[in-house]
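Structure first, commentary second.
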Amino acid sequence: MLSSSANELLASRRDGQMGDSSDDTPIICGQKTKLSAKDTADQKINVYIWDMDETLILLKSLLNGTYAVAFNGLKDLQKGIEIGKCWEKHILQVCDDFFLYEQIENYNEPFLGALSDYDDGRDLSNYDFNNDGFSAPYDDPNKRKLAYRHRLIAQKYAQGLHRVLDQEMVKLWDNLYNLTDSYTDRWLSSARNFLELVSGGSKDSTPHLVSPEGATGSSVMKCRNINVLVTSGSLVPSLVKCLLFRLDDLFVHGNVYSSWEVGKFQCFSWIKERFGSSSTQFCVIGDGLEECEAAEKMRWPYIRIDLRPDSSHRFPGLTMKTVQHYIDVVYGVPDAEDDNKQ
């Protein structure tokens with residue numbers, strides 16, 4: 001049974017933020033980086049660009065009942081709503097208690113490295129974030145203070161929630177995850193397993209061998225697969241969602257983008273600039289019209305996730321074979337001509 005606290009409504013200031021000036025080279029793990037010629041010379045790079053809500057996780061569709069409705073009475077609609085409210089409460093509590101969200105919610109940036117040029121590297125071990133005068137106007141001194149907060153958030157994200165939450169909170173969080181996974185027929189764990197398959201189980205996206213079916217071995221080509229998250233939610237709640245939904249070891253904080261202020265097309269453009277090369281292929285996976293239109297403008301394949309239980313474009317259900325088919329339609333079958341010449 002869900003606790004009665006699940007029924008508590010959230011403050012209206014955050015209602016639009018739970019769901020759905022940049023540096024030229026967004027950070028990975030706190031450092032500016034681009035793929036070098038050496039990185040790309042001997043391997044193909046697949047960049048998978050993921051939406052979050054109603055793609056890798058379910059939240060909006062639980063809260064508004066559309067997930068349960070898709071099952072034509074087979075799912076308890078009220079239970080799904082209660083589960084969604086529990087998640088909403090957890091997410092905002094962690095945002096405010098550990099990630100300074102009350103201070104910075106009105107200063108959303110598209111990624112944590114957006115203000116890195118303002119960060120002078122000051123030691124923050126004894127820094128008083130509650131009394132440093134951070135406020136409007138959004139001038140250079142306050143951008144520096146926001147950059148400090150982004151650095152702290154990045155450090156906490158890298159540490160993981162088990163280093164932040166107490167045992168009781170971790171137990172509640174684990175129970176909620178397992179309850180949600182059961183209610184959604186393993187949507188969460190299946191999405192995570194798929195991400196692990198795509199990334200080879202590697203947090204730092206190191207090169208590995210991948211076949212279209214997801215098998216590994218010396219008979220297939222050498223690839224580097226990179227997962228990037230582009231969410232329409234604001235940045236800090238999106239990072240907290242990654243932590244609470246057990247995705248933080250598969251998306252480093254530098255690979256998480258918020259399109260809240262700038263739009264998905266702008267985020268896709270930054271990602272293309274960052275990872276693009278003659279050997280890079282991009283694929284967008286999401287559920288919304290905005291990422292579909294942005295992918296179309298970029299001429300990238302787009303896979304639309306579908307909540308309906310009879311769809312293959314959902315979790316569980318989506319396979320690497322299906323994803324590879326979409327990629328091959330746009331980019332062609334990889335190295336087919338070269339293989340025939342050998």
Side-chain angles (χ1 to χ4, degrees), residues 19-28 32-37 39-40 43-56 108-114 191 194-195 198-199 205 210 212 221 223-235 238 242 247 250-306 313 318-335:
D20 219 296
S21 71
S22 164
D23 187 277
D24 287 338
T25 55
I27 59 171
I28 298 178
K32 297 176 184 178
T33 180
K34 284 185 177 179
L35 296 177
S36 67
D39 290 331
T40 61
Q43 64 184 229
K44 185 178 75 172
I45 299 166
N46 295 316
V47 179
Y48 298 96
I49 302 168
W50 296 87
D51 180 44
M52 178 178 277
D53 289 297
E54 316 319 313
T55 300
L56 292 173
N108 187 64
E109 292 289 342
F111 51 90
L112 282 182
F194 192 88
L195 279 170
V198 169
S199 64
S205 300
V210 179
M221 71 178 298
C223 297
R224 182 179 184 186
N225 289 352
I226 299 170
N227 288 312
V228 181
L229 189 68
V230 179
T231 171
S232 57
S234 55
L235 183 61
S238 298
C242 283
L247 301 174
L250 295 164
F251 292 104
V252 296
H253 64 72
N255 284 4
V256 178
Y257 292 77
S258 166
S259 65
W260 178 270
E261 301 285 352
V262 299
K264 297 228 169 177
F265 181 73
Q266 175 62 77
C267 291
F268 289 7
S269 298
W270 285 329
I271 292 165
K272 181 179 180 181
E273 179 182 358
R274 177 178 166 188
F275 294 111
S277 73
S278 60
S279 58
T280 303
Q281 298 180 157
F282 298 89
C283 182
V284 180
I285 305 169
D287 76 305
L289 180 61
E290 186 184 7
E291 56 258 31
C292 176
E293 292 177 343
E296 185 176 309
K297 288 181 181 178
M298 303 297 289
R299 298 185 178 180
W300 293 346
Y302 172 70
I303 300 172
R304 181 160 191 163
I305 295 297
D306 187 351
H313 291 57
L318 187 66
T319 66
M320 277 303 299
K321 185 175 182 180
T322 298
V323 172
Q324 190 63 49
H325 170 73
Y326 278 82
I327 294 173
D328 290 347
V329 167
V330 174
Y331 292 100
V333 178
D335 294 333

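The first residue in the sequence is number 1, and the count goes up from there.
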Subject >> side chain to side chain contact (heavy atoms under 4.5 Å, CB included) between Asn255 and Asn227, worked out >> reply: CA-CA 7 Å; Asn255 284 4; Asn227 288 312; 6.0 Å; no

Original post:
Which atoms form the tightest heavy-atom contact between Val256 and Leu235, and what is the distance?
Top reply: O-CD1, 4.0 Å

Original post:
Sequence neighbours excluded, which residues qualify as side chain to side chain contact (heavy atoms under 4.5 Å, CB included) partners of Gln266?
Top reply: Val262, Ser269, Trp270

**OP:** Rounded to the nearest 0.5 Å, what's the gap from NE2 on His313 to OG1 on Thr319? Could you check?
**Re:** 8.5 Å

Original post:
Rounded to the nearest 0.5 Å, what separation is found between the CZ atom of Arg274 and the OH atom of Tyr257?
Top reply: 4.0 Å

Original post:
In Å and rounded to the nearest 0.5 Å, what is the CZ to CE distance from Phe268 to Met298?
Top reply: 8.0 Å

Original post:
Residues two or more places apart in sequence or in another chain: which of them pass side chain to side chain contact (heavy atoms under 4.5 Å, CB included) with Cys283?
Top reply: Tyr48, Ile285, Pro301, Ile303, Val323, Ile327

Original post:
Only one of Glu291, Glu290, Glu296 clears salt bridge (Lys or Arg N to Asp or Glu O under 4.0 Å) with Lys264; which?
Top reply: Glu291

Subject >> Audit row: Val198, Met320, side chain to side chain contact (heavy atoms under 4.5 Å, CB included) steps and yes/no >> reply: CA-CA 8 Å; Val198 169; Met320 277 303 299; 3.5 Å; yes

**OP:** Locate the shortest heavy-atom distance separating Ser234 from Ser258; write the atom from each residue and the value.
**Re:** CA-OG, 3.7 Å

**OP:** Grab the two heavy atoms, one from Leu56 and one from Ala191, that are nearest each other, plus how far apart they are.
**Re:** O-CB, 3.5 Å

Subject >> Nearest-0.5 Å distance that lies between atom CZ in Phe111 and atom NE2 in His253 >> reply: 12.5 Å

**OP:** With sequence neighbours excluded, tell me which residues meet side chain to side chain donor-acceptor pair (under 3.5 Å) with His325.
**Re:** none

Original post:
At what distance, to the nearest 0.5 angstrom, does CZ of Phe251 lie from CG of Leu229?
Top reply: 5.0 Å

Original post:
Looking only at heavy atoms, which two atoms of Leu318 and Thr322 are closest? And how far apart?
Top reply: CD1-CG2, 4.1 Å

Original post:
Can you check whether Glu54 reaches Ile305 side chain to side chain, under 4.5 Å on heavy atoms?
Top reply: no

**OP:** Anything under 30° is parallel, anything over 60° is perpendicular, the rest tilted; go ahead and classify Trp300 against Phe282.
**Re:** parallel

Original post:
Atom OH in Tyr302, atom CD in Glu293: separation rounded to 0.5 Å?
Top reply: 10.0 Å

**OP:** Just jot down the side chain to side chain donor-acceptor pair (under 3.5 Å) partners of Thr55, sequence neighbours excluded, or say none.
**Re:** Asp51

